[in-house]
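Working notes, structure below.
Residue numbering restarts at 1 for every chain, and letters A, B, ... go by the order of the sequence lines.
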Amino acid sequence: MLPLPLLLTLALPVRAEPPHVFGVRPALAPLYTPISSKTPPTWKCLDGSLEIPFSAVNDDYCDCPDGSDEPGTSACPNTTFYCRNEGHLGAVIPSSRVRDGLCELECCDGSDEPEGLCLNKCEETGREYREQVEAERKLRKTGSKIRSTYIAHAQKEKKRLEKELVSIEAEIAERQAEVDKLKAHKEKTESISAATMELKKQSPLYFSLITHSKALKSFQRVHKKLKERERLLGDILTGLRDGYNPNYQDMAVLEAVRGWEAAEGLPPKGSEDDDVVVNSPAEEEELEEGAWTEGQLEWQLNDLINQDYLDLLLQHETYLESLEKPSLLHDLSSYIPDSIRPQYESVRDTLISTLQSVGLIKGGSNEVTEEANRARIAFEDAEKRLRESSENKEDTEQELGRLFSAEGFGKSGEWKKLQDVCLEKDTGEYIYEVCLFGSAKQKAKTGSHSNLGDFSHWNTQFSTDDPQYYSKQYYTGGTRCWNGPERSLTLHLSCGTENVLHSVSEPEKCEYHIVGQTPALCLPLEIEENPKVEL
Amino acid sequence: MLASTLRHVFLALCILPGAISFKPHDFKTCSQSGFCRRGRGLAERAQAADKWVSPYSVDSGSLVFSPGKDSVKATVKSSLYPHINFELELRVHEDGVVRVRMDEVNGLRKRYDEAASWSLVGEPKLSKTVQWVHEKGQIRGLIGEIKDLEALISFSPLRVALIRNGREEVVLNGQGLLHMEHFRQKTFPVAEETESGEDAEPIAGDQTVLAAAGPDTRWFEGEREDAYWEEQFGSWTDSKPKGPESFSIDINFPSHGHVYGIPQHATRLALPSTAGEEPTYSDPYRLFNADVFEYLASSPVSLYGSIPLMHAHSAESTIAVLNLVGSETWIDIQYPSESSTNTHWISESGIIDIFLLPGPTASDVFQQYARLTGTPALPAEWSLGYHQCRWNYVDSNDVRDVQKRFDEEDMPLEVLWLDIEYSKDHKYFIWDEKSFPDPVEMVQDVEAIGRKMVVIVDPHLKRTNDYPVYKKASELQVLVKPASGEGEYEGWCWSGSSSWVDFFNPASWPWWQSLFKIEGDSDEWHWSKSTEGVFIWNDMNEPSVFNGPEISMPRDNIHYGGWEHRDVHNINGMLFQNQTSKALLARSTPAKRPFVLTRSFFAGSQRFGAMWTGDNMGTWEHMAIGVPMVLSNGIAGMTFSGADVGGFFGNPDPEMLVRWYQVGIFAPFFRAHAHIDTKRREPYLLEEPHKSIVRKFLKLRYAMLPVWYTAFREASVTGVPILRPQYVVLPKDKNGFAIDDQYYIGKGLLVKPVVAPGVSQISVYLGEDQVYYNYFDHQVYRGSAHGSNVSVPAALDQIPLLRRGGSIIATKERPRRSSPLMKNDPFTLTIALSNTGYAEGELYLDAGDDFSYQSGEIVWRRFTAEVFKSAKALSIRNADMVPGHQNDAVDGVSLTNYDRENAFARSIKDVRVERIALLGLPWKPKGVKSQAGVELDWTYAAGVASTGTKEGTASVLVIKNPPVTITGTWAITIQE
């Protein structure tokens, strides 16, 4: 049942214009002029395809292939009708809405329906519209003030970063010099010790050590991979358990869920506290004496693998030598009474060095390689510091680059202020958190959470000059849904005086839409937000 | 490396569920079903035997005629079990339908015999004019005014035949496969070593013992008792307390080489063979309503609904057989020759109640079937518009937004649908207030544009006492019971632990109907958060039970009257839709036409609403198979039918989606739907050019609504389907008997939807000597009596749609946002002259959504265009169709007091005919005059004439704004 039109005698639409321009945009009205030289007068379709009697214009029959002869009726499909809406703004509606019995909101003057059907509401509509425009203007004015502080913040940031860059560059120069110096020293000592080193590396112990290390590394890689895989499968199964629809009519799925619950000691889904782990504490394994715990494996294995084995080899030799040299000369000290030991040692060292220098006793090859090793380590440390500085520089440069770019914080840097600002929306079941330019999360009240993705890009459907470009932020690559895609989020933003999230929906599975507001989108009033298209 | 491995894991996990799709292990094959195994085993033994004589025979001394001589009863005996009595009854209906019933009498138990009471629209009228001729060994019943039809019962062995003009049209038990397993006592295996004879004392009916004493049954029934008393499937055990009670019968068509029907299967219209040499399918067709996940696009596997009606067709006649049984049924089909068909029907339980529909034309068969099970209800006119569905529109603003987007894109839309997620915890009727805080306001916003909403209500009720619907059902004890017969059956469905309303229980009916009241009894729960603009979708009514055998209910569950679920399984879904549609009828005063969409159906469901082909997939082959599926449903009564546009599962690419809309606009029920895992695909989301193409075809559907509605009137009175296959329209054209990828809509249009990618031309078959016109560019094609193929343009923005020469159709060329907004729009008449220069057509209109048509508030016009050689003129007329057709204008009532100035006709008295287009006029007119002799405004574009043999673009005469209305009686003369 359609709403019956109220037949009121007041405020009827006024149809002042001549019938042939009824429904015509004012700009096009001059085109609806008869060719008076003909009798009876004729008219040419706007596409020029046909000449028809002028009386056929707006006679509720579609003559022209382009539909231009029926601007005021519904006779020609896929054309438009213009309502003048005096007292408000003119509007265009599809011809399919002309004389369909419904008063169009767009046509407040009621001209889309036969006279008497719709009230002329343009005065009221116009007033409301103007009020709304004013309210929006005010909002934009306040918002744009905040926005200008964001821009100022970006400018400040820019200065800070530039300053930082200068100091980093100085630091780099300094560190480069250090590296150069240490490099020279290292090369010098190495050239002496390289041959010795090669000889030492032949040691079966070193060889075995390297093999062990390689095996350990491989183990670690495989272990990591398996851990990752286990975690992934666990996530999938947990996701399956949380998200499966008992109604996929699939007993295989149900069995998988039950199996997972049994393996993890979870209560059956759907029971009272299905998110509570009942008996999860992994059974304490009896560890062998000295065996590593899982935590040690996790945190200390790297240190073990990343040891400097050459250095170790040298230490080892030093140690061995210290055992071998109860040779009198080297270790007489143990027989010497404490009272005279200092003197003895001093004499002994002088003697040894003298003997060595004349080649009477062998030894010291270790000292040579140790020296080279120290030089190498010093050099590598310096190089590392230099690298850190360079990376720091790159980061800073990148940050500077993003600061005023369309891909990053906007051409005016107005979004910089919002970097890592986290907004939340509580929908009852979940809290949605969006850390702007970072990542978005869906946090269940039970504690678990799903990643909805990381900031990826703006609304690239529009050019970067269009304010619409900044009206959407896309977050992608979130936790994968069971039987679905990776979660993702589209953040729809508009001008507002606060940074706030209003509503959350999931129109497609695992694709979230959040609507929010931010002052960053409040352009100053002097900038036209939506350039009006001439109707 | 690591990343790529992970991706592989992901891919494997994500792709597999889709790739597995249909799960054959969820559903039985014949070899996994005890009674089917036994039935097929019987057929195999008969096939292998040198000599095979049915053990069943009629006791000729037992014949008893009814007082009106309309029926005869006789005792039937099986030589295998001489102590068991069967009764055969043969009834002749007024219209020549012969009903053959057989039941076991005085047996241990009673067979289920109520299928007919649910399915038939009433007690059929019996013939008063049958002449019985009792001869030696047989009896003949002569039927019809000229006695050209004859029902023959041969006594020994029992054989029933329907004979027309001396030719056997259909034969029952001609091959001797008839078997009705009688009720027997369960025997306990006699241990061979048993010493004490007392323990092994056999109970009467013990087969193994009788085998020694009585006749040998093994040649017929097989060596062993196969699944008589218990049956396993997967982890389920069917307790079968009644033991074996199946029946099997061969139904042969000795002179018909094509059979159709027995929906619903995803297969061709002309049913491929399942037996004989090199059968297409190895399993029989199965009728067992089932929720089949991602069904295969070519298979005899049963789907959601079952109609045990089979058409048999030859150039000489169309006949049909209705085997009215509600239990699981398997049907083998084989074609011994090009011109004969043998079928074998095996059912799990119930009596034999077979209707032989003698035809002899397809329209006779439709009438005969409609007299038995009822005609399709005349749907509300709006329900022929475009339905937009998705699992799910997530909240009320989502619904508003979808509506807004359609309007912004100027795309017509009639109905917005809500799937299960509207309801709190899947407690149907109960809105999830978080997402739908304002349901009534939401519906009203949709109604403001003349639109409706359809909301889903399923038959499983969440077992929780805070759900008033379940609570009341439980109190009333109207829920299905478990095998014990006590308490409530509990199964698993959308709502988790659920119970099912037993609609076989009459006590459930008034209660169910009361739920839909908007302003009901304040003490009882009713759907107050609803409006008269809300209609209903009944899904999952097979019933679908996720943790049940074959995703349904255990067969030993107990329904009202103590019947087992096995007895009524296929009928179950129909009752749900029936009661829901009655509830909607009862909701408003005066009553509005209900709209209830069902997934499950049975013979008779056409009386209660629309159906769709269930959860199809977004693939080209599913799009293609949807066409014959809808045709097949249509010939079995379910003509208000369609397949989900776009496919329920998957993400169709734009080309596929466009083609699917083209299929959809030519289906009686036109709905787009999508699974929750799919991307959104409302047509406004398409990019150009696809978006504009879909808009154009949505508008074409709306322009053609009068054509659809007119065809629905005819269906509602005569049972003839909206979509008519080739064999129905051109019954003598043998080349067309197997064609099912093109069809006629009503009388005047032929369409061949494109169901494959990359098509730009398509071959359309024209099986008659007649001229056809391309709907869009008036290109002329000529068919021939022996059939010819013509090539029709079919690029993505084109549909092969032809006007049949001799037709006139009325359209409204001003598509609006919704159909009610088009009420006062003018009509366009398009006349496609035949190759003899004639054309006719009709138009039916009424208020569209109420029952005022039953009291004669209708407009039913007949248009003709005829050349009068003598007057050198062609005359176009608009005449009132009702006078002379008062008895067949509207279903079930005689419009004796019809007034052509009725209130409805008056309400559209100003609706004009804005344009008359005449195609194929052989000459340029000298003048076009109204009845008053006024020269009208017209244009003529020269072109090919309807007569003759030329091809090319037809001549087109367009009469602009003639001074005539659609309700007026008038003539326009075109002078040569």
Side-chain angles (χ1 to χ4, degrees), chain A residues 1-3 53 56 59-63 73-78 80 93-102 104 114 221 224-225 228-229 232-233 236-237 239-240 245-254 270 427-429 480-486 503 505-511 513, chain B residues 1-2 5-6 9-10 13-14 17-18 23 26 234-235 291 293 393-395 397-398 401 407 410 412 426 434-435 447-450 492-494 496-497 532-533 544 546-547 551 676-680 695-696 699 703 813-817 820-826 849 914-915 937 960-961:
Chain A
M1 181 70 180
L2 295 176
D59 68 345
D60 206 12
Y61 181 88
C62 193
D63 294 280
T73 75
S74 60
C76 294
N78 307 324
T80 56
I93 59 169
S95 61
S96 63
R97 296 193 196 170
V98 177
R99 307 216 164 191
D100 63 354
L102 295 189
E104 299 307 315
R221 199 177 60 234
K224 252 194 192 157
K225 215 151 99 182
E228 182 61 25
R229 197 179 153 85
L232 173 73
L233 290 172
I236 289 169
L237 284 165
L240 172 64
N245 207 324
N247 304 317
Y248 273 100
Q249 315 160 3
D250 194 333
M251 288 300 128
V253 171
L254 196 65
T427 62
E429 197 175 356
R480 183 170 289 274
C481 280
W482 179 69
N483 205 20
E486 284 176 350
S503 65
S505 67
E506 190 186 353
E508 282 166 38
K509 201 168 171 193
C510 306
E511 296 187 13
H513 282 212
Chain B
M1 175 63 187
L2 182 64
T5 314
L6 288 182
V9 175
F10 274 135
L13 281 161
C14 300
K23 294 178 187 147
D26 275 351
S235 56
D291 180 2
F293 182 72
Y393 292 118
V394 297
D395 53 42
N397 285 334
D398 194 4
D401 185 55
D407 288 344
D410 198 21
H426 299 146
K434 238 183 261 157
S435 324
E447 287 181 273
I449 316 289
W492 201 262
C493 207
W494 297 125
S497 170
E532 290 187 6
S544 179
F546 296 147
N547 61 341
I551 324 293
I676 196 164
D677 285 344
T678 61
K679 303 289 290 174
R680 292 231 172 180
R695 179 191 294 117
K696 175 173 116 183
K699 289 188 169 188
E813 302 294 335
R814 303 184 184 194
R816 305 280 192 178
R817 281 168 291 179
L821 306 184
M822 295 168 70
K823 186 185 174 193
N824 295 315
D825 283 339
D849 64 350
E914 65 169 325
R915 183 187 297 107
D937 194 350
K960 170 182 172 177
N961 270 340

Looking at side-chain heavy atoms only, is the closest gap between [X] and [Y] below 4.5 Å?
{"X": "B/D395", "Y": "A/S505", "value": "yes"}
{"X": "B/K960", "Y": "A/D59", "value": "yes"}
{"X": "B/D407", "Y": "A/R97", "value": "yes"}

Under 4.5 Å from a heavy atom of chain A, the part of [X] involved:
{"X": "B/E532", "result": "neither"}
{"X": "B/K696", "result": "neither"}
{"X": "B/N961", "result": "both"}
{"X": "B/K823", "result": "neither"}
{"X": "B/T678", "result": "backbone"}

### Query
Picking from A/S96, A/S95, A/S74, A/P77, what satisfies side chain to side chain contact (heavy atoms under 4.5 Å, CB included) with B/R814?
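The passing option is A/S74.
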
Quick one: [atom1] on [X] to [atom2] on [Y], what's the gap to the nearest 0.5 Å?
{"X": "A/N78", "Y": "B/K699", "atom1": "CG", "atom2": "NZ", "answer": "4.0 Å"}
{"X": "B/R680", "Y": "A/E508", "atom1": "CZ", "atom2": "CD", "answer": "6.5 Å"}
{"X": "A/K509", "Y": "B/I676", "atom1": "NZ", "atom2": "CD1", "answer": "6.5 Å"}

Using non-hydrogen atoms only, which part of [X] is less than 4.5 Å away from chain B: side chain, backbone, both, or neither?
{"X": "A/D63", "answer": "side chain"}
{"X": "A/E511", "answer": "side chain"}
{"X": "A/T427", "answer": "backbone"}

#### Entry: Heavy-atom closest pair, residues A/R99 and B/D825
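Answer, listing the atom of A/R99 first, then B/D825: O-OD1, 4.4 Å.
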
### Task
Heavy-atom pairs under 4.5 Å with chain A are the metric here; pick the option from B/D401, B/D937, B/D410, B/V394 that has the most.
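Between B/D401, B/D937, B/D410, B/V394, the count favours B/D410.
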
### Query
Of the listed residues (B/R695, B/E813, B/R915, B/R816), which shares the most heavy-atom pairs with chain A below a 4.5 Å separation?
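Of the options given, most contacts go to B/R816.
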
